[in-house]
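Note that ligands are numbered from 1 as they come in the structure, with each ligand's atoms numbered from 1 the same way.
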Amino acid sequence: MRLDRRTLPTFLFTACCAAVSLSVFARDTPTATAPAIIPLPASMEMDAGRFHPGKTLHIAISGKLADRSAIATLANDVLREAWHRPVAAAPTQGHADLRLVLAADAGANRESYTLRITRDGIVIRAPSDTGLFYGLQTLRQIATPGSSASAGLPALHIADQPRFGYRGLMLDSARHMQSIPAIKQQLDLMARYKFNTFHWHLTDDQGWRIEIKRYPKLASISSMRKETVIGNPDNGATARDGIPYGGYYTQAQAREIVAYAKARHITVIPEIDMPGHMVAALAAYPELACTPGPFDVYTTWGVSDDVLCPSPQTFAFVEGVLTEVMAVFPSRYVHVGGDEAPTTRWKQSALAQDIIRREGLKDEHALQGWFLRRVEGFVRAHGRTIIGWDEILEGGASPTATVMSWRGMQGGIDAVRLGHDVIMAPTSHVYLDYCQSKTPGEPLCIDNFLPLRTVYDFEPVPDGLTAPQVARILGGQGNLWTEFVKTQQDVQYMLFPRSFALAEVLWSPKQARDWNGFLLRVPAQFAELDRLHVNYRRLDPQ
Ligand code: ACM
């Protein structure tokens, strides 16, 4: 039986009580409790007094903004949602309820901002549009939608900047696909919590989801599986539902997502997973495999022995695909997977064994290293950088490859010691497809367990590294695989509140992290998710 998730046990705080006193940040004379902001700003001091907005709200913007009208629109929306009063542009000098100032000297970190509220008004200063954007996201959590204009806002001073430059969420659109509006809604939510990277897992054994014009059968054949396993094959499930499932994003739709994300200061990183997790492609182009096939788009979950064969045809395919992918996705990074590629077929393949001999390689793992270094060279020649899952280290990765450590932290530790940049995304702390609770009624999920507290306790920088090694840890990422996550409601349920915790891990200073304080700030965010009709898992009684 599946319960309505909202009927699960609730934490006894409500949004009204969520404003909390942040004693570590408050000065001696605060006149108000600190607003419930997630992620917690790097520094926040409450001051005496309050700001009361005018009957018509005036916004002034100064400085050389890259996209003035986008920031103006967001500022209008935030103020209008808060107080439902008309908003007008104000002259750059003179009175303004909200003043936005872009000044090159406002902060060394381009994502930083300061936000000051005094009796006279609100001032956000930042060195870039991105900093202003994040300042407005913070303001939205202070001047919350529908709040009382007569009560106004408490005077305060925030000086904020992220701890990490890479703050990511990965969404698997291969196992189950999400609609374009659903992905846009996720990007909106990511921006609110200051995530700046959307890693889009577009291909896997169970479906190929991105149109590639020079390989049209990826859309007509690889995007469709004829049915799907019911339940969890790890627990012995074998029955299939008999229902065809599939679809793909056109390049025009993918460009629309890239533009939508960019407007929210989010970069989209596409992932084309290779040489494993390629059965869907082999179903359309069996000549890319080491054995004759035929292959069917996978209808169950797990890892397949059938992988790309390291043949000239395969390299032509990979380069053709990546050429189109790089044209659609302008991100510096292109993710080429590299995970879970069994060597079974390569062991039996004369072609693979010939390359091992010719290149003087030790074994099939070294051959995978050779394969991915060749792909890396192609991507680098186009001015881009590859990301690979931590298995890419096993065969010897090109030093310019960035490593995404998922099988724990050790891959990331090894990688920074070898001089790679690293993104930490260990199963132990950020696999958002894992079950959040062992309570009955939890939706079907991978059997592993990842409660909110474990995400909050994630520390992307392990002990024992040198300062230059620490500097190579770009940040972290939560991964939402979707074998068991079928609908947008399900996606949201897995994301929230765990991505609140991850947002705080990746943005806030390590020493400011405070589990009990975090729990007190979550309900105000739940109130906002309720208003936006976004699903989430309620907090357990503490
Ligand atoms: C992975 O979870 N296979 C990267």
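- Ligand-side atoms of ligand 1 in range of W481: 1 (C), 2 (O), 4 (C), range being under 4.0 angstrom from any heavy atom.
- Taking every non-hydrogen atom of W406 and a distance limit under 4.0 Å, the qualifying atoms of ligand 1 come out as 1 (C), 2 (O), 3 (N), 4 (C).
- Results of the ring-ring contact (aromatic ring centres under 6.0 Å, His included) test with W481 over H201, H277, H176 single out H201 as the only residue that passes.
- A donor and an acceptor atom, one from each side chain of S173 and R209, are nowhere located under 3.5 Å apart.
- In this structure, the protein non-hydrogen atom closest to atom 2 (O) of ligand 1 is Y431 OH, 2.6 Å.
- Although no hydrogens or angles enter the test, the distance criterion places a donor-acceptor pair under 3.5 Å between the side chain of Q488 and the main chain of A182.
- With respect to atom 3 (N) of ligand 1, the closest heavy atom belonging to the protein is D339 OD2, 2.7 Å.
- A salt bridge links E394 to R407: at least one charged side-chain nitrogen sits closer than 4.0 Å to a carboxylate oxygen.
- Counted by atom type alone, D457 and T454 present zero donor-acceptor pairs between their side chains at under 3.5 Å.
- Every atom of ligand 1 with a heavy atom of E340 under 4.0 Å away is listed here by number and element: 3 (N).
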